[in-house]
There are 2 protein chains.
Amino acid sequence: MARTTGSDGEKTEAAVREAAAGLIARYGYEAMSMRRLAAEVGVQAAALYRYFPTKEDLLFTLMREHMEGLIAAWEMARPTTAGPKARLAAYVQNHIAFHIERRHSTHVSNMELRSLSHDRLTRILRMRTAYEKELRAILRDGTEAGVFSIEDTGLTAMALIQMMTGVIVWFRPGERLSVAEVTATYLSMTMRLVGAKIDSAAAAYSVERPFGRAENAAGV
Amino acid sequence: MARTTGSDGEKTEAAVREAAAGLIARYGYEAMSMRRLAAEVGVQAAALYRYFPTKEDLLFTLMREHMEGLIAAWEMARPTTAGPKARLAAYVQNHIAFHIERRHSTHVSNMELRSLSHDRLTRILRMRTAYEKELRAILRDGTEAGVFSIEDTGLTAMALIQMMTGVIVWFRPGERLSVAEVTATYLSMTMRLVGAKIDSAAAAYSVERPFGRAENAAGV
DNA sequence: GTAATAATAAAACAAACGTTCAATTAATTC
DNA sequence: GAATTAATTGAACGTTTGTTTTATTATTAC
């Protein structure tokens, strides 16, 4: 047989991306065979090559779009006029919300870097560095303004990112804690970690448009 | 040919373990072929099967011994009579020192869990849970004693472990920072994160026998 | 020095891998 | 309704995979 009834290129490609992210997150890039992926999508392996010339192209596409999405989300969420503390709060909220929302591609982007070619690895790492640079800038500004007390800006940024991204390792939606509760707790841990001075302005941590659904509930 | 001059089972096995940890850390378990591993050791692939019946047995051995080593190191380092703050400091120091010292097997143990069979995964996770339980106990004791101010003990434990283990992602020995400096900074970040009350007892954070070499230098 | 054993090499196995190609059918265009 | 294009199948390709088997040599024990 050949073309199947109701088949549609765009739908198939989207299904391939989603299935690939799920399978790679669960079993790893090397462990996912193209035949297994095709079966998950409900298609023959050869059909995948209409959308992605090689397996590595597929991996790279997932990673690139993950990073582009993360940076775009931050550009939407970032407060431009606010002080260091509100900006840090926005960064934390955006980061956690984005990574929980996209658990699978986060896993892929964090675990499968080693399967990229040198050039593509460089491109992904460049995006990542740009994103992390934003956090370092916030920490530096806060330290210079005397709002934070931080010993080493770069090291603190790495520690915070590892801590926040680590949420996806254990967090499962619908269990003991909600996204809002987790975010609120991580936010206060972050503020203590950077030695943020407590101030009386009640809305100090709140931010206008966090990524994803409105989950500002927890009283922070 | 067959047995080569100077060949020795124990040495070969040790070489296999070390080479395997390095290759899996760099390229991943699935991406490491038995032939590649054998070449790294300087032996034919068939020779590996004298020491490990299957590839997965090799992986499991690396992980089990990593976890056993971690737990053993903590049992050596743990202060039994000290208060929560000194115990937490000992935990952090031991954790960071151990993971930096064994970067490769740490990578393996963190990234390749999905390649284990169900039973073996359960065994490794049991060890991990036991180790993490120690940290939760310290945090709980400190909170009850009023020394720490923590909202959610379990969540804080996960955040701390992710933060500390994340050191191996970016830390390279011999670069900008020494192990002692990194440990000192992480220690003070940890203490702020758990809201540890500052006390005047100067030696509050010091601990008798940290894992590995004596790197207590930084004035914490 | 001979017998036993430990450690390895070399070759082979079937299975699975990523990928390509030709054929075939569904949908679209005119 | 015929011609064109889009989407997919099924079979095949050469490699590489983990593993097994058999033979061979170094070492050890007596």
Side-chain angles (χ1 to χ4, degrees), chain A residues 1-24 26-63 108 112 114-117 120, chain B residues 1-24 26-63 108 112 114-120:
Chain A
M1 339 243 146
R3 180 165 189 174
T4 53
T5 316
S7 62
D8 173 0
E10 280 191 37
K11 281 183 190 166
T12 304
E13 180 170 351
V16 169
R17 285 167 199 249
E18 193 179 321
L23 286 176
I24 296 175
R26 239 190 305 280
Y27 304 108
Y29 170 74
E30 298 278 355
M32 177 197 74
S33 75
M34 295 299 269
R35 285 170 179 84
R36 175 81 194 271
L37 171 58
E40 192 88 0
V41 178
V43 106
Q44 289 295 319
L48 303 174
Y49 288 83
R50 171 159 262 272
Y51 305 101
F52 302 97
T54 68
K55 192 184 177 187
E56 197 214 318
D57 279 283
L58 169 54
L59 175 64
F60 177 66
T61 300
L62 294 179
M63 289 189 173
V108 174
E112 307 296 346
R114 60 193 172 198
S115 295
L116 289 179
S117 70
R120 290 175 157 175
Chain B
M1 337 213 153
R3 181 165 188 172
T4 54
T5 315
S7 63
D8 174 0
E10 279 191 37
K11 281 183 191 167
T12 305
E13 181 170 350
V16 169
R17 286 168 199 248
E18 193 179 320
L23 286 176
I24 297 175
R26 239 191 305 278
Y27 304 108
Y29 170 74
E30 299 277 355
M32 176 198 75
S33 74
M34 295 299 268
R35 286 171 179 81
R36 175 82 196 272
L37 171 59
E40 192 89 1
V41 178
V43 107
Q44 288 296 318
L48 303 174
Y49 288 83
R50 170 158 263 273
Y51 306 100
F52 302 97
T54 70
K55 192 184 178 188
E56 197 214 320
D57 279 285
L58 170 54
L59 175 64
F60 177 66
T61 301
L62 294 178
M63 290 191 172
V108 174
E112 306 297 346
R114 60 194 173 199
S115 295
L116 289 179
S117 69
H118 178 71
D119 283 3
R120 288 173 158 172

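These numbers come from the heavy atoms of this one structure, side chains and all, not from hydrogens, waters or symmetry mates. Labels below follow one simple rule: chain letters A, B, ... track the order of the sequence lines, proteins then strands, and each chain is numbered from 1. Predicted, not measured: the structure shown is a model, and the values here were computed from it.
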S.K.: Looking only at side-chain N and O atoms, does B:Thr12 come under 4.0 Å of OP1 or OP2 in C:dA7?
M.R.: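 Checking C:dA7 against B:Thr12, no side-chain N or O comes under 4.0 Å of OP1 or OP2.
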S.K.: Once you round it to whole Å, what is the distance between C1' of C:dA16 and NZ of A:Lys55?
M.R.: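 One finds 11 Å between C1' of C:dA16 and NZ of A:Lys55, rounded.
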S.K.: When the distance from OH of A:Tyr49 to C1' of D:dA12 is rounded to whole Å, what number comes out?
M.R.: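 Going from OH in A:Tyr49 over to C1' in D:dA12 covers 14 Å.
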S.K.: Looking only at side-chain atoms of B:Val43, point me to the closest of C:dG18, C:dA12, C:dA9.
M.R.: C:dA9
S.K.: Can you tell me how far P of C:dA12 sits from CE of B:Met34, to the nearest Å?
M.R.: 21 Å
S.K.: C:dT20 C1' sits how many Å from A:Phe52 CZ, rounded?
M.R.: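 It works out to 18 Å between those atoms.
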S.K.: What is the distance from CG of B:Leu48 to C1' of C:dA10, rounded to the nearest Å?
M.R.: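 Atom CG in B:Leu48 sits about 14 Å away from atom C1' in C:dA10.
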S.K.: Whole Å only: how far is the CG atom of B:Asp57 from the C1' atom of D:dT19?
M.R.: 13 Å
S.K.: It should be established whether B:Ser33 places a side-chain nitrogen or oxygen under 4.0 Å from OP1 or OP2 of nucleotide D:dT17.
M.R.: yes
S.K.: So does A:Gln44 get a side-chain nitrogen or oxygen closer than 4.0 Å to the phosphate oxygens (OP1/OP2) of D:dG10?
M.R.: yes
S.K.: Which nucleotide in the list D:dG10, D:dT21, C:dT8 gets nearest to the side chain of B:Ala46?
M.R.: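 Between D:dG10, D:dT21, C:dT8, the one nearest the side chain of B:Ala46 would be D:dT21.
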S.K.: Check whether B:Lys55 reaches the backbone of B:Ser33 with its side chain - one donor and one acceptor, N or O, closer than 3.5 Å.
M.R.: no
S.K.: Tell me: CZ of B:Arg50 to P of D:dA23, nearest whole Å?
M.R.: 17 Å
S.K.: Would you say A:Glu40's side chain and A:Ala19's backbone share a donor-acceptor pair under 3.5 angstrom?
M.R.: no
S.K.: If the threshold is 4.0 Å, N to carboxylate O, is there a salt bridge linking B:Glu13 and B:Arg50?
M.R.: no
S.K.: Just by modelled atom types, is the A:Ser117 backbone N or O under 3.5 Å from a matching donor or acceptor in the A:Glu56 side chain?
M.R.: yes
S.K.: What is the separation between atom CD on A:Glu30 and atom P on C:dA16, rounded to the nearest whole Å?
M.R.: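 My rounded result for the distance is 17 Å.
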